> 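Before I ask anything, here is the structure I am working with.
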Amino acid sequence: MNVSLNRRSFLGTLAASGAILSAPAVLGQSRPRVVVIGGGAGGATCARYIAKGSAGAIDVTLVEPAEVYYTCFFSNLYLGGFRDFDSLGHRYDKLTGDYGITHARARAAGVDRDARSVTLEGGETLSYDRLVIAPGIDFVDGSVPGWDLSRAGIMPHAYKAGPQTRLLKAQVEAMPEGGTFCMVAPPNPYRCPPGPYERVSMVAHVLKARNPTARILIVDPKEKFSKQGLFEEGWQSHYPGMITRIGPDFGGDKVEVRPDTMEIAIDGEVEKVDVCNVIPAQKAGMIAAAAGVTDDKGWAPVNPHSMASRADANVFVIGDASSQGDMPKSGFSANSQAKVAAMNIRAELTGSTAFPAKYSNTCWSLIDTDDGIKVGASYEATDEKIASVESFVSQTGEDADLRKATYEESLGWYAGITADIFG
Amino acid sequence: MAGRAGIFMIAGLAFFAAPGVSEVRASDTGPPGNGAPIWAECSGCHQIGPEATNAIGPNLNGIFGRKAAALDNFQYSKSLARAGRDGLIWTYETLDAYIANPRVFASGTRMSYPGLKDAAKRADLLAYLRDFSDKPRDIPEAEPTARRAMPELSADVRALAGDPEYGAYLASECLTCHQTSGADRGIPSITLWPTEDFVLAMHAYKQKLRPHPVMQMMAGRLSDGEIAALAAYFADLKE
């Protein structure tokens, strides 16, 4: 039903707007091609909306090595025991079966923007009329002295959902009685601003039941963090005395880790820990840099009206990898940006209407059983950046019914957004 | 199926409830006057007065000034429970809006009452209900500071025809949370609503007459035409 509806509206617009004149180069040839790199909240949404909206008029290939994608959002709830791991997994069957998207199960190795082609790890090349880069994040080498990816088996980052998430959960459950869980929190900007603090809440939830004398240490280079008042109120009431946070005023920005001895040094002072979750500084996924669309900070600047790269109008960068202004790096933001990019790509390739961009974001976090909080904002495109228009955040002191409803709302949101991403 | 069972129960209970109502009417608690005959329509499900208990609907003693869905021993619809958590208080204004069109006010309410369009009759009914709230003399006919719960919309705005193609784009933002399947766990369904109800609900959020913060924000930046476009799109949406 969606397909016929969209085909109808697509043809109607084409005829009505005289759009054929605006895209003659592409409409004249065989089906225009879009390649989307990355099958997460940004990439999969974008692929789906291009294919759905164009009703077969655009050839869409999704480059994603995984057969099953595990969402980073809600992976903290797995750590806390509120969800099983499989519930985070989503397949691409509907994107390929219902929307005719080709799933190239490979990693993208390079982009030749002059030739308009993507090279896959196996050597195959895919040509494109428009390219969408949605690789999420990679970690900045050396941002936490003593740690690199090769040590993630000892001190997991668990900031891309998958085996790392399971490893961290296993480590938490194996902690000795009265042991120490340490989190090295990342500097701004990073994926999912409340994520580290929701994670601490979930680890505390597990420890409170299994290992109540254990303690949690957050080493944080930031002066303040997302939903801070709400988290600190929740920690005080649910996990009194368990969580200590060391900010930059006490050396939280000067941490070194020693995976071999399971030690950390905070401004030179050495401490033994039992689990160490290192969330390093972040940058755009490496393919964005390989494509030459990133800036000196490692993120890809985009046109706020369309999500097209500032460096190349044929390339769109969405989600965590983009540098766009005020939106947080979140699955919700990526999904929102993907729809704007998809609409503009369709307009450029098939002459459908490009409406003014609208963006929004809401992040829910869970502090303890049925104690959910949220923060959100709406955004509009200015020439300079995606700018926040209006925002809201949960309040301290809310009653238990409202917090429970907020948590239930987040479950509804998860079901909604994953259906919107994966079909 | 639940709806059908509900209708049978309403029919059955009306007979039992009626004598109680006449007792209340005969009592000297207040001058229900013109509201009493209208109350008879409500009394199939609701009870009021000294002997009132919860029935199909909650008892309405002390309804003025009470938080929505506040009685412990009554199971409310998710919609009203949510409105209560979001801070809805029953005032002259909010009750007036609810009675005018229950489903526009709280989309998932189980109150199977189509609404009372006649404002004068609603005023009569509210005057009747007021007499069963605490200190009725302290409850003004309409609080000067009370917020309206129903948006005031010009005939032009109500009559706007939405562009479904634009609606399809705008709707993509709604579909991050609300599902095309109409699934409503945690987040309400918004598909297949009559367009007028959809338009009224969105304007109620836009004017911050409905309390939910996410929806106030989302609706707040939609123009009249954009709301009409969304209404048109969701009214016909099939999975």
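Please read these numbers as outputs of a predicted model, since none were measured by experiment. Within every chain, numbering begins at 1; the chains are lettered A, B, ... in the order of the sequence lines, protein sequences first and strands thereafter. Both backbone and side-chain heavy atoms feed into the values below; hydrogens, waters and symmetry mates do not.
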> Quick check: closest heavy atoms across B/K206 and B/L222, and the distance to 0.1 Å?
NZ-O, 2.5 Å
> Could you tell me whether A/D98 and A/K52 make a salt bridge, using a distance below 4.0 angstrom between a side-chain N and a carboxylate O?
no
> What part of A/N335 gets closer than 4.5 Å to chain B, counting heavy atoms only: side chain, backbone, both or neither?
side chain
> Identify which of A/S391, A/A377, A/G376, A/S360 forms the greatest number of heavy-atom pairs closer than 4.5 Å to chain B.
A/S360
> If we only count heavy atoms from C-beta on, is the A/M307 to A/S322 side-chain gap below 4.5 Å?
yes
> Measure the shortest side-chain to side-chain distance between B/D86 and B/R82 over non-hydrogen atoms and say whether it is less than 4.5 angstrom.
yes
> Mind ranking B/C177, B/G87, B/G84 by heavy-atom pairs under 4.5 Å with chain A and telling me who comes out on top?
B/C177
> So which part of A/Y407 gets closer than 4.5 Å to some heavy atom of chain B, the side chain, the backbone, both or neither?
neither
> With respect to chain B, which residue among A/T45, A/T406, A/L402 yields the maximal number of heavy-atom pairs within a distance under 4.5 Å?
A/L402
> So which part of A/T362 gets closer than 4.5 Å to some heavy atom of chain B, the side chain, the backbone, both or neither?
side chain
> So, A/E198 versus A/N76: side-chain donor-acceptor pair below 3.5 Å or not?
yes
> Side chain from CB out, backbone as N, CA, C, O: work out which of these in A/A415 comes under 4.5 Å of a heavy atom of chain B, or both, or neither.
both
> Given heavy-atom pairs under 4.5 angstrom as the criterion, report whether the side chain, backbone, both or neither of A/K404 touches chain B.
neither
> One thing to verify: whether B/R85 and A/D401 come together as a salt bridge, which I'm taking to mean a side-chain N less than 4.0 angstrom from a carboxylate O.
no
> Hey, which of A/A405, A/A342, A/S410 has the most heavy atom pairs under 4.5 Å with chain B?
A/A405
> Is atom CZ of B/R185 surrounded by more than 12 heavy atoms (other residues, nucleotides or ligands) closer than 6.0 Å?
no
